[in-house]
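Worksheet for the structure shown next.
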Amino acid sequence: RKHDPIPNHQQGAHMKRAASARRWTPVRHLGLVFFPVLVFTMGTAATGRAAQVPVCGTISTNTVWTAANVYVVNNCAVTVGSGVTLTVQPGTVVKFAGTRDVLVVQGTLLAQGTVGAPIAITSLRDDSHGGDTNADGSSAGQAGAWSGVHFAAGSHGRLAHVFVGFGGSGAYDYDGRYGAAELESSSSDVTLDHVTLRSSGNSGLYCDNASVAVTYAQVNDNAGYGLY
């Protein structure tokens, strides 16, 4: 049955439920616990903590991103092609430079960090993850700095111990869409476990004709709804 979307003032509550929605109609169900990205361009450049690896275009073969690098998406889309798996290892940092930058998953995204080595998918200006990657001096992330992660219909995703922050720009992104959240799913084969969705310029999670299983998430400081 249909319910209201989850507003920001309830995002820190301790409860068990599942995030589900239909286009333009927010829906949620009990069963979710939440608590208060080829034509593939790659290069390396030195940063304070790890090698900087620019990424852009379509990933057309199974690929692994490691914690030895900071992966930077700069004014483009990164697309995980259908039938292809992108594995993001624990401790890896992925940063997005512009408001139209987006990670599109048509295949499979496996981003499974650990308590001691979480994964960060965040803004280039977020120095709290991966250090001062763009060497512009100390800076903090700002809400809406990049578009988001979008799971297309038929895609697959497993995210665990992942920080997703400062996305949700709502801009017309490089995939040709207006994003509704910093993490969007049109697939029901996506799970989020111990994932943080923080400081989106829009909603935290948006499900489009799909159900996403979410457990032990932190959803806070988003301009729109936490889960929609």
Side-chain angles (χ1 to χ4, degrees), residues 16-20 31-35 37-38 40 42 49-51 53 55 58-73 78-96 102-123 126 128-130 133 141 146 148-167 181-200 204-207 210-220 226-227:
K16 202 168 193 176
R17 54 190 165 180
S20 176
L32 173 161
V33 180
F34 84 99
F35 302 146
V37 212
L38 182 216
F40 182 59
M42 178 177 289
R49 295 187 180 181
V53 179
V55 290
T58 299
I59 300 175
S60 56
T61 60
N62 293 342
T63 298
V64 178
W65 289 358
T66 74
N69 304 312
V70 174
Y71 297 86
V72 178
V73 181
V78 171
T79 301
V80 182
S82 180
V84 174
T85 297
L86 172 61
T87 302
V88 183
Q89 292 186 339
T92 301
V93 176
V94 183
K95 293 189 174 184
F96 295 78
V102 62
L103 172 60
V104 181
V105 183
Q106 298 173 346
T108 299
L109 174 63
L110 301 179
Q112 296 171 299
T114 65
V115 173
I119 293 165
I121 302 174
T122 187
S123 166
D126 177 11
S128 66
H129 295 94
T133 307
W146 58 287
V149 179
H150 177 226
F151 288 93
S155 65
H156 315 280
R158 300 292 181 269
L159 278 66
H161 296 282
V162 178
F163 172 90
V164 183
F166 308 107
E182 65 184 6
L183 198 155
E184 300 181 55
S185 185
S186 300
S187 168
S188 293
D189 191 18
V190 175
T191 64
L192 310 179
D193 178 51
H194 288 87
V195 170
T196 297
L197 301 174
R198 178 185 167 194
S199 297
S200 170
L205 169 66
Y206 176 70
C207 300
S211 297
V212 171
V214 181
T215 55
Y216 298 101
Q218 295 185 35
V219 185
N220 48 37
L227 309 176

Kindly give the heavy-atom pair with the smallest separation between [X] and [Y], and that separation in Å.
X	Y	result
Thr85	Asn62	N-OD1, 2.9 Å
Ala210	Cys207	O-CB, 3.5 Å
Val212	Val190	CG1-O, 3.5 Å
Ala181	Gly204	CB-O, 3.6 Å
Ile121	Phe96	CG2-CE1, 3.6 Å
Ser123	Phe166	CB-CB, 3.9 Å

Distance check, rounded to the nearest 0.5 Å: [X] atom [atom1] versus [Y] atom [atom2]?
X	Y	atom1	atom2	value
Leu159	Leu192	CG	CG	5.5 Å
Gln112	Ile119	CD	CD1	8.0 Å
Leu109	His150	CG	NE2	13.0 Å
Leu197	Leu205	CG	CG	6.5 Å
Asn220	Thr196	CG	OG1	7.0 Å
Phe151	Thr108	CZ	OG1	9.0 Å

Indicate yes or no for a side-chain donor-acceptor contact from [X] to the backbone of [Y] under 3.5 Å, with no hydrogens or angles considered.
X	Y	result
Gln106	Ala152	no
Tyr206	Ser186	no
Ser185	Ser187	yes
Thr79	Val104	no
Lys95	Val70	no
Trp65	Val93	no

| query | For Val94 and Val55, what are the C-alpha separation, side-chain angles and deciding distance, and is it a side chain to side chain contact (heavy atoms under 4.5 Å, CB included)? | reply | CA-CA 10 Å; Val94 183; Val55 290; 5.7 Å; no

| Does the side chain to side chain contact (heavy atoms under 4.5 Å, CB included) test come out yes or no for Arg158 and Asp189, once each step is laid out? | CA-CA 8 Å; Arg158 300 292 181 269; Asp189 191 18; 2.7 Å; yes

| query | Would Val102 and Trp146 count as a side chain to side chain contact (heavy atoms under 4.5 Å, CB included) if you check the C-alpha gap in whole Å, the side-chain angles of each, and the deciding distance to 0.1 Å? | reply | CA-CA 7 Å; Val102 62; Trp146 58 287; over 6 Å; no

| message | side chain to side chain contact (heavy atoms under 4.5 Å, CB included), that's the test. Do Val214 and Val219 meet it? Break it down for me. | response | CA-CA 11 Å; Val214 181; Val219 185; 5.9 Å; no

